[in-house]
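Worksheet: one structure, shown below.
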Amino acid sequence: MPLTKIQSLGITDGTIVNADINASAAIAGTKLTGVGKVLQVVSTTKTSTFSTATTGSFVEVTGLNVNITPSSASSKIFISGIVAVGHSTTTAGLYLKVQRDSTDIGIGDTSGSSIRSMAGTDVREYQTRQLSINFLDSPNTTSAINYKVLIQSPNATSHINNDGEADGTNHTQPISTITVMEIAA
């Protein structure tokens, strides 16, 4: 006759192995504690295109932002994503940064007239590049936070999810994403 109930008293540590546990068994999230635990994940995917003319300053990408409310002020927020960028001119630089509400995060140090950004690339005419977002933020709050992507090109019109060509079978229309994860600290 199979055993249907186990009394926790008297079980020696290490005597139950993975093979003894049913595949459908689950552990309540409240039982998982400690540093590094993922507490919540929020993500936004932008499938539509976005364009902005040369402005000399960063412009928020409409629809490429995400809101999260940390459960603890000591939590870290890991931001990741990929942003598909393009231009319709022969050569143009394009720069990306992320803001927590209105504060720049994860940008390079000041160096002469260089543009401080999280990522940047030269984009050739009618080509798409993918810029990565990876940053561990320490917002120190339990209030709602908005993380948003901004782009800048000092010498050409910038395109998101488009290579700069209006349409064509040799051109692409990819997606961009931003994901934030609250990590217990």
Side-chain angles (χ1 to χ4, degrees), residues 6-9 11-48 50 52 57-85 94-112 114-121 129-153 158 160-161 174-185:
I6 297 176
Q7 296 294 326
S8 63
L9 298 173
I11 296 176
T12 306
D13 284 347
T15 58
I16 297 177
V17 295
N18 285 341
D20 295 330
I21 301 171
N22 186 302
S24 64
I27 299 172
T30 57
K31 301 294 183 189
L32 300 173
T33 60
V35 173
K37 175 183 168 187
V38 176
L39 302 175
Q40 61 177 314
V41 178
V42 184
S43 185
T44 296
T45 300
K46 180 172 180 61
T47 59
S48 62
F50 174 86
T52 182
S57 60
F58 281 92
V59 175
E60 182 179 348
V61 177
T62 304
L64 195 53
N65 62 70
V66 64
N67 295 309
I68 190 168
T69 303
S71 58
S72 170
S74 64
S75 291
K76 307 288 186 189
I77 304 295
F78 182 68
I79 306 131
S80 66
I82 191 114
V83 181
V85 298
L94 190 140
Y95 312 101
L96 171 147
K97 70 178 177 179
V98 173
Q99 286 185 339
R100 176 195 338 109
D101 296 324
S102 60
T103 301
D104 294 342
I105 60 171
I107 60 173
D109 292 339
T110 301
S111 178
S114 296
I115 296 170
R116 298 177 68 204
S117 66
M118 181 177 281
T121 187
R129 298 274 193 266
Q130 293 182 317
L131 298 179
S132 297
I133 299 168
N134 285 293
F135 187 73
L136 186 63
D137 190 27
S138 301
N140 193 30
T141 187
T142 55
S143 297
I145 302 167
N146 178 259
Y147 288 100
K148 56 192 166 200
V149 175
L150 295 90
I151 59 170
Q152 174 187 349
S153 180
S158 304
I160 300 294
N161 296 343
I175 66 169
S176 297
T177 65
I178 183 171
T179 301
V180 293
M181 294 179 266
E182 180 184 3
I183 310 295

| Does the side chain of K46 come under 3.5 Å of the side chain of T44 through a donor N or O and an acceptor N or O? | no
Open item on the list: Quick one about S80 and N134 (side-chain donor to acceptor, distance below 3.5 Å, no hydrogens or angles considered), yes or no?
Closed with: no
Is there a side-chain contact between [X] and [Y], using heavy atoms and a 4.5 Å cut-off?
X: F50; Y: V59; answer: yes
X: V41; Y: T179; answer: yes
X: I68; Y: I77; answer: yes
X: M118; Y: I133; answer: yes
X: S143; Y: T69; answer: no
X: N146; Y: V66; answer: no
X: I79; Y: I105; answer: yes
X: I183; Y: L39; answer: no

Using side-chain contact (heavy atoms from CB on, under 4.5 Å), reason through V83 and I160 one step at a time and then give a plain yes or no. CA-CA 7 Å; V83 181; I160 300 294; 3.7 Å; yes
How long is the gap from [atom1] on [X] to [atom2] on [Y], to the nearest 0.5 Å?
X: Y147; Y: L64; atom1: OH; atom2: CG; value: 15.0 Å
X: I107; Y: I115; atom1: CD1; atom2: CD1; value: 11.5 Å
X: Q40; Y: S71; atom1: CD; atom2: OG; value: 6.5 Å
X: S48; Y: I175; atom1: OG; atom2: CD1; value: 11.5 Å
X: S153; Y: L94; atom1: OG; atom2: CG; value: 5.5 Å

Residues pairing under salt bridge (Lys or Arg N to Asp or Glu O under 4.0 Å) where one sits in residues 131-149, two or more places apart or in two chains, turn out to be R100-D137
So salt bridge (Lys or Arg N to Asp or Glu O under 4.0 Å) across residues 57-73, not counting sequence neighbours, yields none
Kindly write out the residues that satisfy side chain to side chain donor-acceptor pair (under 3.5 Å) with [X], not counting sequence neighbours, or none if the list is empty.
X: S75; result: E182
X: S132; result: none
X: T142; result: none
X: S138; result: K76

For the student: nearest non-hydrogen atoms of [X] and [Y], plus distance:
X: S176; Y: A84; value: OG-N, 2.9 Å
X: G106; Y: F135; value: CA-CE1, 3.4 Å
X: A144; Y: D101; value: O-OD2, 4.3 Å
X: T47; Y: N161; value: C-ND2, 3.8 Å
X: F58; Y: Y95; value: CE2-O, 3.6 Å

**Request:** Show the numbers, then the answer: is there a side-chain contact (heavy atoms from CB on, under 4.5 Å) between L96 and S117?
**Result:** CA-CA 6 Å; L96 171 147; S117 66; 5.9 Å; no
Practice problem: Measure from the side-chain N and O atoms of R129 to the backbone N and O of V85, and report whether any donor-acceptor pair falls under 3.5 Å. | Solution: no
